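Contents: one structure, followed by commentary.
Keep in mind the model is a prediction, meaning the values are calculated, not measured.
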Amino acid sequence: MTTADGASPDDRVHSASVVCRIPAAVALAFLADGLQLGRWALGCWQTVAVGDGVVRGQSLFDGQPAWVLPVVDARAASVVYHVGGAPDALSPRIRATVQPEHGGTACRIGLHAERTPDMDDARWLRLMRCHEVEVLLIDALLRQEPQIPLPLPPVALL
């Protein structure tokens with residue numbers, strides 16, 4: 001099975017990215033904010049804080065709850081999302097990266113995932129397509145936000 005763009009569900013790694021016309025510091029703060037995650041992550045919609053930096057949202061696909069702990073590495077300009085079906089069963093699953101571009105007036109935002117051994121082809125394909133849409137949602141939301149660098153939210157730091 002191959003997708004229209006030639007990607008195979010058998011691939012083990014997937015990345016989607018977009019260039020946003022906002023400074024990298026703004027993008028990183030946005031991506032590190034678990035409440036903002038609930039505005040763009042299709043598998044974890046409408047997040048609420050549940051404590052210790054963990055948020056809970058709801059999948060738009062099946063309505064199931066999902067818990068996420070965003071862990072930011074400011075030096076690497078990245079956020080690792082620890083994801084699970086319960087707040088005590090989180091594992092690092094998704095990584096967001098921010099790379100400054102165009103003299104600091106823009107940045108490239110990427111979402112990166114590795115296929116887990118238990119993920120069937122349909123679930124992997126859905127995750128890849130979600131990330132391709134989610135980077136576009138992130139870009140649209142960031143263009144609506146104030147263009148000032150925000151401090152990183154209180155999240156787990158590496």
Side-chain angles (χ1 to χ4, degrees), residues 7-20 22-100 107-142 145 149-158:
S8 167
D10 294 330
D11 293 339
R12 306 295 308 160
V13 179
H14 181 261
S15 297
S17 69
V18 65
V19 173
C20 297
I22 55 105
V26 174
L28 186 61
F30 182 84
L31 292 167
D33 187 328
L35 295 179
Q36 294 293 346
L37 177 84
R39 297 176 63 201
W40 60 265
L42 301 176
C44 196
W45 204 249
Q46 297 180 328
T47 51
V48 294
V50 296
D52 296 326
V54 177
V55 296
R56 183 188 70 244
Q58 183 176 354
S59 170
L60 288 177
F61 292 97
D62 59 14
Q64 292 299 308
W67 284 263
V68 178
L69 173 64
V71 178
V72 66
D73 181 343
R75 287 188 307 272
S78 66
V79 180
V80 174
Y81 300 101
H82 296 246
V83 180
D88 60 350
L90 303 177
S91 60
R93 289 284 328 276
I94 308 298
R95 185 171 52 95
T97 56
V98 179
Q99 299 171 321
C107 64
R108 177 171 297 280
I109 294 174
L111 293 177
H112 314 276
E114 291 185 32
R115 185 174 182 172
T116 60
D118 63 329
M119 197 176 284
D120 64 25
D121 287 351
R123 174 69 184 97
W124 179 237
L125 183 60
R126 184 174 83 185
L127 183 142
M128 291 188 297
R129 294 303 173 249
C130 281
H131 283 185
E132 291 163 5
V133 170
E134 288 168 350
V135 294
L136 299 176
L137 284 170
I138 292 165
D139 179 45
L141 290 166
L142 283 169
E145 299 294 320
L150 306 172
L152 289 176
V155 295
L157 299 173
L158 288 179

Nearest atoms (heavy-atom pairs only) where Ala27 meets Cys107: CB-SG, 3.7 Å
Candidate pair Leu31 and Trp40, rule side chain to side chain contact (heavy atoms under 4.5 Å, CB included), full reasoning: CA-CA 10 Å; Leu31 292 167; Trp40 60 265; 4.0 Å; yes
Aromatic Phe61 / basic Arg126 pairing, under 6.0 angstrom, 45° off normal: yes
Side chain proximity check, Trp67 to Val55, heavy atoms < 4.5 angstrom: no
Derivation and outcome, side chain to side chain donor-acceptor pair (under 3.5 Å), residues His14 and Glu132: CA-CA 10 Å; His14 181 261; Glu132 291 163 5; 3.0 Å; yes
For Arg108, all residues meeting salt bridge (charged side-chain N to carboxylate O under 4.0 Å, His left out), sequence neighbours excluded: Glu101
Side chain Asp11, main chain Val13, donor-acceptor under 3.5 Å: no
For Leu28 against Ala77, the heavy-atom pair lying closest together: CD1-C, 3.9 Å
Straight-line distance of Arg129 CZ to Leu127 CG, nearest 0.5 Å: 10.5 Å
Between SG on residue Cys130 and CG on residue Leu125, distance to nearest 0.5 Å: 9.5 Å
Worked check of side chain to side chain contact (heavy atoms under 4.5 Å, CB included) between Leu142 and Ile109: CA-CA 11 Å; Leu142 283 169; Ile109 294 174; 3.5 Å; yes
Indicate every side-chain donor-acceptor pair of residues 42-50 with a distance under 3.5 Å to a residue at least two apart or in another chain.
| residue | atom | partner | partner atom | Å |
| --- | --- | --- | --- | --- |
| Thr47 | OG1 | Gly34 | O | 2.7 |
| Thr47 | OG1 | Leu35 | O | 3.1 |
| Thr47 | OG1 | Gly38 | N | 3.3 |

Side chain to side chain contact (heavy atoms under 4.5 Å, CB included) between Val71 and His82, intermediate numbers included: CA-CA 7 Å; Val71 178; His82 296 246; 3.4 Å; yes
For Asp118, all residues meeting side chain to side chain donor-acceptor pair (under 3.5 Å), sequence neighbours excluded: Thr116
From CZ (Arg95) to OG (Ser15), nearest 0.5 Å: 7.0 Å
CG on Leu111 to CE on Met128, rounded to 0.5 Å: 14.0 Å
Rounded distance (nearest 0.5 Å) linking atom SG of Cys20 with atom CD1 of Ile138: 7.5 Å
Minimum heavy-atom distance between Val18 and Val135, given as atom pair plus value: CG1-O, 3.4 Å
Any donor-acceptor N or O pair under 3.5 Å, side chains His112, Thr97: yes
Steps toward side chain to side chain contact (heavy atoms under 4.5 Å, CB included) verdict (Leu141, Phe30): CA-CA 9 Å; Leu141 290 166; Phe30 182 84; 3.9 Å; yes
